[in-house]
Amino acid sequence: MPRRFPPLITHARVRAATVLALLSLTATACGDAGELRGAGPTPTAAGPARLWPELPPASSPAFEIGEVDIQVVKGVEVPGDDIRRVDPVAVVRAEIARSPGDYEGSKARYRETNSRMAECGRAGGRTGCPVLEPYHRDLTGDGRPEMTLGFRLLPGEMTAVRVYTVEKHRLVQVMAYDDALAGIEIAGQSVILRAPSEVQGYEYRLQWSWDTDQRAMLLTRDEMLRTGKRPDTHRPSRTPSASPR
């Protein structure tokens, strides 16, 4: 809708006011032309300083952190090589059978996960089942989906995150990580895990990305970032555990 002027203001007056405003702006701009203004002090550039150059470099890692975790999942079929048809409950049960010491027995760390697996086979829903709904996305770039699977490690607050692909008609685990998680995301060929920090207002973010040479998801970024939130309650300490062998 075109702008309507009040009856007491004529178009001639509007044009005159516009000309005066333009002249005022031009005069102001001319007064500032050619003047330089300081941007403030500039910090002195400093290159990286190498510390303790006499220290001999290590040739092997001090401990194993599971950089490359590739395992063939035995006993789980992949109908038609379609990972979307793989039963996620059967996958978790296979892992429990592979590491009975962590799941079976009254003193096992994740004994409640094992006991609640019975809920997964009941008709009418999986309310008590610790296995989370799987997500199928192409993480390797070959045009076929992988399966990102999570399940609760009970009775604690840990969550197990696994990524599986299909190679030579077999289900292959290409990533495994356990932690107390605040969120999980998939972006491109990466799985991003967010974990609470004991430092209020911060969280850990770990990015696992597909590596073609290793044929596995590698930990490519591990950082501590500010969230902008300052919770009043104490957050649990970060207690990641190694993937089962």
Spatial distance of atom [atom1] ([X]) from atom [atom2] ([Y]) [nearest 0.5 Å]:
X    : Y    : atom1 : atom2 : answer
Q71  : Y164 : CD    : OH    : 8.5 Å
Y202 : M224 : OH    : CE    : 7.0 Å
I184 : D179 : CD1   : CG    : 10.0 Å
I83  : T148 : CD1   : OG1   : 8.5 Å
Y110 : M158 : OH    : CE    : 4.5 Å

Which pair of heavy atoms, one from [X] and one from [Y], lies closest together, and at what distance?
X    : Y    : value
K74  : A94  : O-CB, 4.1 Å
R111 : S106 : CD-O, 3.0 Å
C129 : E119 : N-CB, 3.8 Å
P134 : P88  : CG-CG, 4.0 Å
L153 : T159 : CD1-C, 4.3 Å

Quick check: is [Y] connected to [X] through a chain of hydrophobic side chains (ILVMFWY, heavy atoms under 4.5 Å apart)?
X    : Y    : answer
L225 : V199 : no
I192 : L219 : no
V163 : V72  : yes

Would you please name every residue forming a side-chain hydrogen bond (donor to acceptor under 3.5 Å, both in side chains) with [X], sequence neighbours left out?
X    : answer
S190 : Q207, S209
R144 : D142
R93  : none
R84  : D82

Please tell me if the side chains of [X] and [Y] come closer than 4.5 Å, counting only heavy atoms from C-beta onward.
X    : Y    : answer
P130 : C120 : yes
V174 : W210 : yes
V91  : M147 : yes
Y103 : E95  : yes
M117 : V92  : yes

For [X], enumerate each residue passing the side-chain contact (heavy atoms from CB on, under 4.5 Å) test, keeping only those at least two apart in sequence or located in another chain.
X    : result
A97  : none
P100 : E104
V78  : V86, V166, L171

Is [X] reaching over with its side chain to a backbone N or O of [Y], donor-acceptor style, under 3.5 angstrom?
X    : Y    : result
S99  : G101 : no
T113 : L154 : yes
Q189 : T140 : yes
E146 : T165 : no
D222 : L206 : no
R205 : E223 : no

So, using salt bridge (charged side-chain N to carboxylate O under 4.0 Å, His left out) as the criterion, who are the partners of [X] when residues are at least two apart?
X    : result
R152 : none
E167 : R215
E185 : none
R137 : none

Fellow cluster residues of L51, listed by chain then number, with links counted only when side-chain atoms sit under 4.5 Å apart: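 Answer for L51: W52, L55.
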State plainly whether the residues E203 and R194 are in salt-bridge range, i.e. N to O under 4.0 Å. yes
Applying side chain to side chain contact (heavy atoms under 4.5 Å, CB included) to I70 and V172, what does each step give before you reach the verdict? CA-CA 7 Å; I70 304 174; V172 179; 3.6 Å; yes
Would D178 and R109 satisfy salt bridge (charged side-chain N to carboxylate O under 4.0 Å, His left out), going step by step from the backbone distance to the final call? CA-CA 13 Å; D178 306 334; R109 288 187 298 173; over 6 Å; no
Take W208 and L218 through the test side chain to side chain contact (heavy atoms under 4.5 Å, CB included) and record every step on the way to the result. CA-CA 5 Å; W208 299 77; L218 301 185; 5.7 Å; no
